[in-house]
Amino acid sequence: MYLELKNRLGAQLKSVLQAKYDLAVESIPLETPPDLKMGELATPIALQLARTLRKAPRVIAQEIVSSLGPLPGFASFEIAGAGYINARLDRAAGVHAIADASGIGPAADGVHSLVEHTSINPNKAAHIGHLRNAILGDTFVRLLRAAGQRVTVQNYIDNTGVQVADVVVGFLYLEGKSAADVRALIAECEARSAGQADKSGAFDYLCWNLYARTSQWYVSGTEEENAARKKLRYETLHAIEHGGNETAEIAELISTAVLKRHLETMLRLGIEYDFLPRESEILHLNFWALAFELLKKTGVLYFENEGKNKGCWVMTRPGADVTDGETDEDAKVIVRSNGTVTYVGKDIAYHLWKFGLLGRDFGYRKFFTYPDHECWISTEEGEAEHPHFGGVQAIYNVIDSRQSDPQANVIQALRGMGHTAEADHYTHFSYEMVALTPRCALDLGYDVPEEDRSRAYIEVSGRKGFGVKADDLIDKLISATLEEVNKRQTGRDQAERGQIAAQIAIGALRYFMLKYTRNSVIAFDFKDALSFEGETGPYIQYAVVRVRNIFRKAGTTPEAVLAEFASIDAAPFLVGEDAEDIWAVWLRAGRRSTVLEQGIATSEPAYLAKHAFQLAQEFNNFYHRHHILTEENAARKRFLLATAAIVLRELVTVLGWLGIESPEAM
RNA sequence: GCGCCCGUAGCUCAGCUGGAUAGAGCGACUGACUACGAAUCAGUAGGCCGGAGGUUCGAAUCCUUCCGGGCGCACCA
């Protein structure tokens, strides 16, 4: 509702300026006044035009207002302050527009986009940092879908990297295990932890410890021993990359088993994927060879004959100023002098595939089954029948901010190849890491060096085995929630309580990860994450439950109330001091599409989180001031019930976008 | 050395493309439950928006510079 009125006013102002002053203003600044008393929309346009028109701002404002004429949806315009034009909405019309559900569903906008998120190295259990990534990515997917886009969700799997190699080294040389042993161990872990709440014996947990142990092993021997161990590490890595040997087989077993665990962990949060492209296929299907030819042909890559990069194929970094004839020592190496390709090179090939520009495709086979769809994984030779992935118009890579340089290199390469449209629709959805507060680290029993104890936060490190595992955190949240639910829901059985507790716990976790804007470091602390009061997911869920309880006792349904609402004259209930907070609730409810648009344009899901919280807050305020069920005026009671129904509809919808369920009770 | 991010209330964070008295939550202090279930609400205290210049009718927001903190800048993945 708000978005439509905002656009309508903007267009009207534009045409007035055109007609009256012969001015073509590109976009009219429209904002929300600081107080509802001043109206619902405002523009400082007269202040801006004062200089060019050489008139006092208030005079200009007056002239504009007198030419605005009547505008559907608006009640009046007035001049305030130094020359603001404030618009008051026709409240009754606004309320009915909001209540009328038509036009709320997404209009398919035809864009096919791809969101890549999670992308955890498949060599250890997921931790809280990975949760932030997956929750941000999954929420953004939901936002794009709400806006009518067709979205595929990818989770890139680096199954041939040095991190997997380290765990392989651990199994081979620290544990002395063969491929058959590892296979048996995985089967044992899966059998043991199947249907078990306790994940301590799960394979990804086991790898978490082994990975930390191996990383230590590399540096804990004598100098010669360490050199030999490092050599072993790179031999192992190369054997995995090459494939077709027992080392590679172990790597495949590990990465597949850990990946399954990751998918299970994420499914607990309602996070699902469509496709899992793996590095092994990018290597073995020679994506790079094709990309290399394209990069040479377009001149993005050139062979360096001089300087420190002599013998390499390199590309100019974005923003670099290179003088002709001089050697660009700062150029990014894509192909090493020994002929092997770097990480960025492989990533360029992969991104050409994403946009359908490579001319080669993966093989596909089914990997994981969700209730309503399949998740596919890349293979060299796959099933004949499969959906088509890749070839999209826009991509979003949810990758932490530390990788902004390599991401910029890939974008630069696409642009250099002439794929400017693709480069423009390549978004590095960057976010800051989740770190631990020193206190939290000490509580977890980690050894925190003296010099780190005064820091605001300490980075988690898989290599050191330092961090909070995702499943542990979820378990802890669920048990803390269950304690509260047990106190309140004495009339419900264990299964119901468990379900409610899980909904609340996941809501708390997802909201916690979404309330911060992306480039703020989250200093993780159990006290904050386990909080269910104030600006939290459960606070919003509680507002939902309150509305549901009202309707349960009122003997009617939100749908029935809203259906009947169309024929009610709401105007009498929207005037006067007493009505301001009620109108505030409706107005907030009507801002949904504005906030969605803003959240997508800025790639910032936190806006939606904030919106849901504010609506819940305004509702709670309304709830305390206006007692619905005891209202004696029948017409007013219907109006108040409609208000509650709208809050329910909006909160359930927006919480759904955030991946947070709306419990029936709590 | 170069690049990116951050510095707002005791703590954790918002602050829309520069705009009208800078907002939340937590914590502190006062109050409100035989109930539309208080996982709630109302109220009080608390801020030269890191410092200094500049642009502008107007700056927490833009520019310059300095201070303080974080992260990147490999023929590692």
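Reminder, nothing fancy here: chain letters follow the sequence lines and each chain counts from 1.
The separation between A:I540 atom CD1 and B:C41 atom P is 12 Å, rounded to whole Å. Atom-to-atom, CD1 of A:I411 to P of B:C4 comes out at 15 Å; the value is rounded to the nearest Å. Rounded to whole Å, atom P of B:A42 lies 11 Å from atom CD of A:E618. Look at CG on A:L608: it is 13 Å from C1' on B:C16, rounded to the nearest Å. Rounded to whole Å, atom P of B:C4 lies 18 Å from atom CG of A:D400. Protein atom OH of A:Y607 is 13 Å distant from nucleotide atom C1' of B:C13, rounded to whole Å. Taking atom OH on A:Y539 and atom P on B:A39, their separation rounds to 12 Å, with Å as the unit. Between A:M513 atom CE and B:C13 atom P there is a gap of 13 Å when expressed in whole angstrom units.
Of all heavy-atom pairs spanning A:R492 and A:I500, the tightest one is CD-CD1, 3.9 Å.
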Any protein N or O atoms within reach of nucleotides 7-10 of chain B? Criterion: under 3.5 Å, listing atom names and distances.
none

All N/O pairs under 3.5 Å across the protein-nucleotides 48-50 of chain B interface:
none

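With values rounded to the nearest 0.5 angstrom, A:R497 atom CZ is found 14.0 Å from A:T481 atom OG1. Distance CD/A:E535 to CD/A:Q614: 8.5 Å, rounded to 0.5 Å. One finds the NZ atom of A:K14 at 7.0 Å from the OG atom of A:S27 (value rounded to the nearest 0.5 Å).
A:F619 and A:F622 have tilted rings, their planes meeting at an angle from 30° to 60° on a 0 to 90° scale.
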Q) Where along nucleotides 22-38 of chain B does protein come under 4.0 Å, by heavy atom, of base (B) or sugar-phosphate alone (S), with - for untouched nucleotides? A) --SSS---------BBS
Q. Base, backbone or nothing for each nucleotide of nucleotides 68-77 of chain B, written B, S, -, heavy atoms under 4.0 angstrom, 5' to 3'?
A. --SSSSSBSB
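Among the heavy atoms of the strands lying under 4.0 Å from A:P33 is at least one base atom, whether or not backbone atoms are also near. Contacts of A:P34 with the nucleic acid, taken as non-hydrogen atoms under 4.0 Å apart, include base atoms.
With sequence neighbours left out, A:Y302 forms a ring-ring contact (aromatic ring centres under 6.0 Å, His included) with no residue at all.
With A:R58 contributing its side chain and A:G81 its backbone, the two residues share a donor-acceptor pair below 3.5 Å. Judged by distance alone, with hydrogens and angles left aside, the side-chain atoms of A:R518 form a donor-acceptor pair with the main-chain N or O of A:S430 at under 3.5 Å.
With A:Y350 as the fixed residue, the ring-ring contact (aromatic ring centres under 6.0 Å, His included) test singles out one of A:F287, A:Y343, A:Y156: A:Y156.
Side-chain contact between A:Q163 and A:V167: absent, with no pair of heavy atoms (C-beta onward) separated by less than 4.5 Å.
Paired runs in RNA chain B that reach 3 or more consecutive Watson-Crick or G-U pairs, where each pair keeps both distances under 3.5 Å, cover B:1-7 with B:67-73, B:10-13 with B:23-26, B:28-32 with B:40-44, B:50-54 with B:62-66.
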